[in-house]
Asks: 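One structure, as structure tokens, below. Some questions next.
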Amino acid sequence: MTPPAAFGTIGWFDLTVPDAGAVKDFYSKVCGWSANEVDMGGYADYDMNAADGKTVAGICNKRGPNADVPSQWLMYVRVADLKRSLDEVCAGGGTVVRDATSIGAYGVMAVVRDPAGAVIALIQPGT
């Protein structure tokens, strides 16, 4: 059994764009990734897989739960206590772009902007 990843580590990468299908094809050709559709209830996002089959990233449509996420690659960092981390964002001069949102069994996530304007996602993993 693989131990759970440590807090403070990068847990995931997503790309959010207006047309995930077209961009998925671009990255498939450029990076050699294959894609699996992820049903989002009326449209599909994509898990992108390396040649060994390992899922390495997601490509998402800028709609539904990602409608307010900036169009860019977004890195997710695991945190132990999302509420505490969001308090620290605000205290440190950052802003919350998307407040805490449940992502089911994966946990709870939020998107924040640091004082320099860079955006990152924070995720408190589920059980």
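In this chain, residues are counted from 1 in sequence order.
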Asks: Taking atom types as modelled, is there a side-chain donor on N36 or D47 under 3.5 Å from an acceptor on the other?
Replies: no
Asks: Between R113 (side chain) and V96 (backbone), is there a donor-acceptor pair under 3.5 Å?
Replies: no
Asks: Please name all residues satisfying side-chain hydrogen bond (donor to acceptor under 3.5 Å, both in side chains) with D14, sequence neighbours left out, ordered by chain then number.
Replies: W12, Y76
Asks: Restricting to side chain to side chain contact (heavy atoms under 4.5 Å, CB included), what partner residues turn up for D87, sequence neighbours left out?
Replies: K83
Asks: Are S71 and P18 side-chain neighbours, meaning at least one heavy-atom pair lies under 4.5 Å?
Replies: yes
Asks: For the backbone of L82 and the side chain of Q124, can you confirm whether one donor and one acceptor N or O come within less than 3.5 Å of each other?
Replies: yes
Asks: List for me each residue that meets salt bridge (charged side-chain N to carboxylate O under 4.0 Å, His left out) alongside K62, sequence neighbours excluded, and say none if there are none.
Replies: none
Asks: Treating Ile, Leu, Val, Met, Phe, Trp and Tyr as nodes and any side-chain heavy-atom pair under 4.5 angstrom as an edge, say whether L122 and W73 lie in one connected cluster.
Replies: yes
Asks: Are Y43 and V17 grouped together when hydrophobic residues (ILVMFWY) are joined by side-chain heavy atoms under 4.5 angstrom apart?
Replies: no
Asks: Would you kindly confirm whether F13 and M40 end up in one hydrophobic cluster when ILVMFWY residues are joined by side chain heavy atoms under 4.5 Å apart?
Replies: no
Asks: M109 and V119: same hydrophobic cluster, using ILVMFWY side-chain contacts below 4.5 Å?
Replies: yes
Asks: Any non-hydrogen side-chain atom of V77 less than 4.5 Å from a side-chain atom of I120?
Replies: yes
Asks: May I ask you to test the M48-T55 pair for a side-chain heavy-atom distance under 4.5 Å?
Replies: no
Asks: Could you tell me the separation between the NZ atom of K24 and the OG atom of S34, rounded to the nearest 0.5 Å?
Replies: 10.5 Å
Asks: Taking side chain to side chain contact (heavy atoms under 4.5 Å, CB included) as the definition, give me every residue that meets it alongside V56, ordered by chain and number, with sequence neighbours left out.
Replies: W33, A50
Asks: Just to verify, which of V69, L15, N66 counts as forming a side chain to side chain contact (heavy atoms under 4.5 Å, CB included) with L74?
Replies: V69
Asks: Which residues pass the side chain to side chain contact (heavy atoms under 4.5 Å, CB included) test with Y106, not counting sequence neighbours?
Replies: I103
Asks: Under 4.5 Å between side-chain heavy atoms, counting indirect links through other Ile/Leu/Val/Met/Phe/Trp/Tyr residues: same cluster for V111 and V89 or not?
Replies: no
Asks: For D99, is there any backbone N or O sitting under 3.5 Å from a side-chain donor or acceptor partner on T101?
Replies: yes
Asks: What is the minimum heavy-atom distance between P115 and G92, and which atoms define it?
Replies: CG-O, 3.3 Å
Asks: Answer whether the closest heavy-atom distance between the side chains of F26 and C31 falls below 4.5 Å.
Replies: no
Asks: With heavy-atom distances below 4.5 Å as the criterion, would you say the side chains of F7 and V79 are in contact?
Replies: no
Asks: What is the minimum heavy-atom distance between N49 and A35, and which atoms define it?
Replies: ND2-C, 4.3 Å
Asks: Using side-chain heavy atoms (C-beta onward) and a distance below 4.5 Å, is D45 in contact with I59?
Replies: no
Asks: Which residues pass the salt bridge (charged side-chain N to carboxylate O under 4.0 Å, His left out) test with D68, not counting sequence neighbours?
Replies: R98
Asks: Please report the closest heavy-atom contact between P125 and I123, naming both atoms and the distance.
Replies: CD-O, 3.4 Å
